[in-house]
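Just so we're on the same page: letters track the sequence lines, and every chain starts at 1.
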Amino acid sequence: MAQFWKPGTEKPRLLEDEDGGVIFLSSSYSSSSSGYGYVSIEKQRQRLPVYKYRTAILYLVESHATTIVVGETGSGKTTQIPQFLKEAGWADGGRVIACTQPRRLAVQAVASRVAEEMGVKLGEEVGYTIRFEDISSPDLTRIKFLTDGVLLREMMDDPLLTKYSVVMVDEAHERSISTDIVLGLLKKIQKRRPELRLIISSATIEAKSMSNFFLSSKRRQALEGEELRPRLEPAILSVEGRGFNVQIHYVEDPVRDYVQAAVSTVLLINDKEPPGDILVFLTGQDDIDAAIKLLTEEARSNGKNSSGLIILPLYSGLTRAEQDLIFSPTPKGKRKVVISTNIAETSLTLEISDIENLVVAPISKASARQRAGRAGRLRPGKCYRLYTEEYFLNEMSIQGIPEIQRSNLVSCVIQLKALGIDNILGFDWPASPSPESMIRALEVLYSLGVLDDDAKLTSPVGFQVAEIPLEPMIAKIILSSNELGCSDEIITIAAVLSIQGDHVTFLNIYKGFLQSGKSSKWCHKNFINYHAMKKVMEIRELLRRIVLRLGIVLKSCETDMQLVRKAVTAGFFANACRLEAYSHGGMYKTIRGSQEVYIHPSSVLFRVNPKCVIYHSLVSTDRQYMRNVMSIDPSWLTEVAPHFYQQQRHNPTIH
DNA sequence: GAGCACTGC
């Protein structure tokens, strides 16, 4: 059984690797559990931890070009800071305060909360913009919430973001690609607009590196007007959250079998600790099933104390109803044990380049901290780590790798090009992607006919592809479908590739769905996710409108699937694979790269093994599996992408 | 015969 020791009393909660240089305005805020009866909105606002920093925040924003706010969940920073700014006059004279979020749902939720607190109608003084919805008014809106992707699109029309006085980038620690691009561009804008103020808000202690990013400048600004300028070095302010203390325990020695160790630890906790539920993190469904089996057996043979365990699995493959079981209240005298994947952590993706990687890998310190935080949401808790403290301190990486350093960059590069950033390799990123991944993206864009020999957007194809809010390869197949006369089918495929399924299979499903009168019963009968279908319809409608604006006429090829296949090939030629002759296992090799790949068993082409296929995505487990597969005629490849499949290829000029 | 989890324009 795993042995734990308690660390000393030192070490403030969850701040293990805090760096120096942080202005920590400590205070003795005690979380006042809600009183009885009615509490005015103003009282509620004043109870938020961030309220005590109002003056400090306003002073720092006034005097510094960039302010970094480190605040844990529940500090109230997202809802309050924009209001503080407005109250202090930052939205006077028709100016607007922007606050970005990485996710649509957060944008909507925060905007309606702030409108409620201010007692105004959503869409007037307080508004929001996300992809399908613009609930804001150019004349009235003073505080605007938006996804960082939408802010990027706005920069295409107004590169200096002239209507905004302050831009607050929230959840910057999540380091999504669009957050990183936004941060890089905002730094550029600041040089041209010294009056613009930035607030970078982050939940973890990434503040120091963020500060260095905004401080470092290739050439210092000119001295003229120095006294009017804000200080250039970013201010850092730390605001405590509302989480409770979580006591961390480590094992003394590395464990040999972590499933066994997890089970033993659950039983130990059940034996020794006062009432309270348990959340266990494991890597995947296999381990979870094994742990549940083992725990059930050991609990039964252990006797008296263990009968009170309610053991529940949690992973995405379960139905919604099964997942909801974990929210049911634990009966008195019982203890709930939830054994989960990282679904309960809300974060983390393991991806390398453009291949999704499902290999088990160690988590980062940031993930470990996030997991521990799950124990302290409502009251103090404990966290048992099944690795040693030495491992935590010396072996685990501080932060996961930012998305931009582990992703396919084609979308990102074309967005920068569309924003007029010509020197892509010289762009100042918070975290630079590797030159190799940039060059790979440039080569694909060149092959798609989106960039010319000087790595500039081509006209009209390059500009049209940039205009369509989809991956460039998908945008390209839409343009090709216009020439081939199958645009009606292709926009359906384009809409659905964000969901799942083989291209042609899905087209058939979509037709069936329409014939059923978009019936949810039909979906249920055919094991099809009705909500996914609704989402497909939504995206398809958006695409239809964009495509019409580009002058593409919707035309159906009826039953001639050759045209559809050819159009898809025009965008995904780089993902062409040939079946290896005499291979019994259905082994394919990519035509340009000879990488060994297999058709995913979820594909209808599994075991059919056509001679030549193209795929939409690769997933890497024990093998590289192709998902979303379509059979093609290899002669099309040289036809649609001669430069890519010719003997001697030439690369686009790199600037 | 596979099966961690997701978001955005």
Side-chain angles (χ1 to χ4, degrees), chain A residues 100-108 129-134 146-157 171 174-182 281-289 313-318 323 339-352 356-363 367 370-371 400 402-404 406-408 410-412 414-416 418-419 465-472 474-475 494-495 498-500 535 538-539 542-543 545-546 585-586 598-609 617-627:
Chain A
T100 74
Q101 297 288 321
R103 274 174 298 279
R104 297 158 53 90
L105 205 66
V107 168
Q108 291 172 302
T129 309
I130 56 179
R131 176 157 60 161
F132 293 118
E133 281 175 66
D134 183 9
L146 64 177
T147 51
D148 32 32
V150 167
L151 190 68
L152 266 180
R153 287 271 153 183
E154 286 193 0
M155 287 185 197
M156 293 187 188
D157 297 327
E171 312 287 354
E174 288 194 18
R175 303 301 299 271
S176 75
I177 288 187
S178 39
T179 307
D180 274 13
I181 302 177
V182 161
F281 285 100
L282 290 176
T283 55
Q285 191 181 336
D286 285 350
D287 281 349
I288 291 173
D289 291 342
L314 178 62
Y315 46 83
S316 75
L318 298 173
Q323 291 187 12
I339 305 186
S340 171
T341 61
N342 54 14
I343 192 174
E345 177 193 327
T346 64
S347 74
L348 206 72
T349 316
L350 303 172
E351 274 179 64
I352 295 172
E356 285 179 57
N357 202 333
L358 297 189
V359 175
V360 175
I363 60 168
S367 279
Q370 181 118 4
R371 290 177 178 194
E403 195 184 6
I404 195 139
R406 53 181 165 80
S407 303
N408 184 323
V410 284
S411 299
C412 168
I414 197 171
Q415 265 182 317
L416 289 175
L419 284 164
V465 166
E467 174 89 12
I468 299 173
L470 294 171
E471 288 173 69
I474 301 198
S498 54
I499 316 287
Q500 276 299 337
K535 185 136 193 172
E538 204 179 48
I539 297 175
L542 172 90
L543 290 178
R545 271 186 262 146
I546 291 172
Y598 296 83
I599 294 179
H600 195 277
S602 66
S603 168
V604 294
L605 293 180
F606 179 66
R607 290 219 191 99
V608 176
N609 294 336
S617 61
L618 273 187
V619 59
S620 162
T621 51
D622 56 330
R623 287 170 169 180
Q624 310 277 4
Y625 287 102
M626 301 182 268
R627 282 197 299 210

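Nearest to the side-chain atoms of A:Arg103 among the listed nucleotides B:dA5, B:dC9, B:dT7 stands B:dT7. When distances run from any side-chain atom of A:Tyr625 to the nucleotides B:dA2, B:dG3, B:dC9, the shortest one goes to B:dA2. For A:Phe606, the listed nucleotide lying nearest its side chain is B:dG1; candidates were B:dC9, B:dG1, B:dG3.
Residue A:Leu152 contributes atom CG, which lies 11 Å from atom P of B:dC9 at whole-angstrom precision. As rounded to whole Å, 13 Å separates atom C1' of B:dG8 from atom CD1 of A:Ile404. Taking atom CD of A:Glu171 as the reference point, atom P of B:dC6 lies 17 Å away to the nearest angstrom. Note: CG (A:Leu146) to P (B:dC9) measures 10 Å, nearest angstrom. Following rounding to the nearest Å, A:Met155 (CE) and B:dC9 (P) show an atom-to-atom distance of 14 Å. In this structure, A:Leu419 places its CG atom 16 Å from P of B:dC9, rounding to the nearest Å. Summarising the geometry, the separation between CG on A:Leu314 and C1' on B:dG3 is reported as 15 Å, rounded to the nearest angstrom. A:Arg175 places its CZ atom 19 Å from the P atom of B:dG8, with the value rounded to the nearest Å.
Nucleic acid contact class of A:Arg131 (heavy atoms, under 4.0 Å, all strands): base. Note on A:Leu542: nothing from the nucleic acid sits closer than 4.0 angstrom, heavy atoms only.
Partners of A:Arg545 under the salt bridge (Lys or Arg N to Asp or Glu O under 4.0 Å) rule, at least two apart in sequence or in another chain, are A:Glu541. With sequence neighbours left out, A:Glu467 forms a salt bridge (Lys or Arg N to Asp or Glu O under 4.0 Å) with A:Arg549.
Under 4.0 angstrom from either OP1 or OP2 of B:dG8 there lies no side-chain N or O belonging to A:Ser411. A sub-4.0 Å separation between OP1 or OP2 of B:dA2 and a side-chain N or O of A:Arg623 is absent. In this structure, A:Thr621 reaches the B:dG3 phosphate: one of its side-chain N or O atoms is under 4.0 Å from OP1 or OP2. For the pair A:Thr283 and B:dC4, the criterion of a side-chain N or O lying under 4.0 Å from OP1 or OP2 is not met. Not one side-chain nitrogen or oxygen of A:Tyr315 sits closer than 4.0 Å to the OP1 or OP2 atom of B:dA5.
The nearest pair of heavy atoms linking A:Asp287 to A:Leu282 is O-CD1, 3.6 Å.
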>> If you apply the rule side chain to side chain donor-acceptor pair (under 3.5 Å), what do you find for A:Ser178 with A:Asp148, and how did you get there?
In response: CA-CA 6 Å; A:Ser178 39; A:Asp148 32 32; 3.3 Å; yes
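Within the model, atoms CG of A:Leu470 and CD1 of A:Ile546 stand 7.0 Å from one another, a figure rounded to the nearest 0.5 Å.
Each of A:Arg607 and A:Thr147 has a nearest nucleotide on DNA chain B; the 5'-most of these lies closest to A:Arg607.
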